[in-house]
Amino acid sequence: MAISTIIVTLLSFAGVFFGLATRFDSMKPHFNSLGLSSLSEMPAGVRMLLGTLTSIFGGVLVSIWIWVIQRQTTVGVTGLCAPESGCAVALSDSAHNIIPFTNLGYGLFFILWFSILGFLALSLYLDPKLSGGGTFLSIGRLMSLGGIVIAVIMLVSQLALIEGGPVICLLCLILVASNGTTFALFHQMDGDWSSSTFES
Amino acid sequence: MNENDMNITRRCNSRLLWNFDRRVLLTDEDADARITSGFVIAGFLTFIMLAVVLFTDIPPIGPTEGLLAPNLTGDTHSLGSGGWQSFQLYDELDYDWEADSNSSSKWFFIQFMDTDCPYCWDDADIMSQVGTQFADKVTVISVAVSLDIPGHSSSTDEIIAFQEKTSHSGCKGGGTDCSTRPGEAHNWLYLNDLFLSESDKWEIEGTPFVVIVRPDGIVAWNQGQHPQPADPGQALADLVLEPEV
């Protein structure tokens with residue numbers, strides 16, 4: 001695997017893991033020990049919004065990389081995955097790397113999908129008292145749930161349909177994790193929206 | 001609006017700005033966060049799209065000379081083989097090939113043909129000569145199509161019989177035994193494209209139709225781009241054989 005792919009994998013994993021960590025109050029001491037005391041002092045809702053944004057960032061990052069690899073493999077070779085690795089085998093099969101019934105590659109699709117989720121989360125982060133905030137959270141929850149379904153379809157096709165399979169692609173696993181974390185955070189915030197979790 | 005009204009509006013705006021922090025739109029107090037967010041996401045998205053498109057350089061794909069040849073995929077039959085094997089042209093390319101290198105990578109001589117086409121029948125002998133003469137420098141691939149013309153009705157058995165020059169009544173329009181075709185048995189791949197799924201991408205104008213592809217996949221010669229009658233064998237010689245000093 002190329003150094004750049006390893007860095008992207010680690011960064012995106014860190015973003016998703018950090019996002020998941022913001023969901024739990026028990027992680028506050030760890031934030032303090034990492035010098036992120038301001039994070040533990042934030043209202044839970046705002047902290048989770050920040051976590052949602054980092055999780056979405058992780059998802060966008062792996063989506064970009066998946067898109068780049070898919071574009072490179074269109075002409076046969078990619079320098080971003082080791083030859084014969086799960087990443088190379090899974091993402092080089094152009095027939096099974098598109099959303100069913102469309103011609104849209106998974107990488108490009110998830111970039112656009114996470115952009116919408118990012119818009120929803122960033123709007124709420126910038127103004128937690130946004131009048132349509134509840135609707136934004138509901139939309140975010142539904143969209144991230146849809147994202148999980150599509151990411152799982154991608155994983156299943158890599159396990160069952162791809163020539164040379166079954167193969168596991170680490171970037172794809174992080175994509176599923178990012179969708180899952182984003183859903184979990186939107187779901188949690190949607191439930192707490194009417195309470196005071198967004199106020200200091 | 002007179003000067004007095006404008007001053008009042010300015011005062012209202014500044015009071016709103018002061019009271020509502022960054023919310024500057026009078027009609028929608030929530031608009032600021034969404035607009036800011038929209039601009040941030042749109043800017044980020046634009047940057048990503050541009051970066052990916054600019055830094056993952058994919059040459060334009062098409063059958064025209066100078067473009068990357070479309071991927072030729074399908075089931076192929078080789079001489080003496082009992083079955084059909086899947087084939088992808090892109091798997092065979094040498095992307096690092098350079099014209100002035102002494103690479104052993106082979107060129108591709110792709111002939112689209114129809115077992116019922118009389119011109120393809122006549123060309124079978126020339127193809128045998130091409131296959132023999134350039135065996136060490138060129139990979140020959142015959143793409144067997146079935147043109148939508150009355151009397152043209154091919155099959156996989158007919159393709160094999162045409163390639164191996166074995167007995168099968170049905171070649172050259174239907175009534176000719178395939179074993180009587182000119183030339184030797186063809187010891188290169190025959191790709192089954194009876195449903196024209198691949199040929200459409202190559203924009204063939206009839207059969208036989210030849211495209212010569214460099215080892216790195218760039219189309220070097222397309223019969224449709226040269227005045228007829230074009231000589232694919234001569235074109236191949238001009239491209240592949242090094243000039244004698």
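Protein chains get the first letters and strands the later ones, always in sequence-line order, with residue 1 at the start of each. Remember, predicted model here, so these are calculated numbers, not experimental data. Scope of the values below: all heavy atoms of this structure, side chains included, with no hydrogens, waters or symmetry mates.
Open room surrounds CZ on A:F13; 12 or fewer heavy atoms of other groups in view lie less than 6.0 Å from it. Counting non-hydrogen atoms of neighbouring residues, nucleotides and ligands closer than 6.0 angstrom, the CZ atom of B:F87 exceeds 12 such neighbours.
Proximity to chain B (any heavy atom under 4.5 Å) is shown, for A:Y125, by neither the backbone nor the side chain. If you measure heavy-atom distances from A:L108 to chain B, the contacts under 4.5 Å come from the side chain alone.
Among B:L89, B:N71, B:L45, B:V40, the residue making the largest number of heavy-atom pairs under 4.5 Å with chain A is B:L45.
Not one N or O on the side chain of B:T64 forms a donor-acceptor pair closer than 3.5 Å with the backbone of B:L67.
By the side-chain contact (heavy atoms from CB on, under 4.5 Å) test, B:D200 is found to be paired with B:L196, residues two or more places apart in sequence or in another chain being considered.
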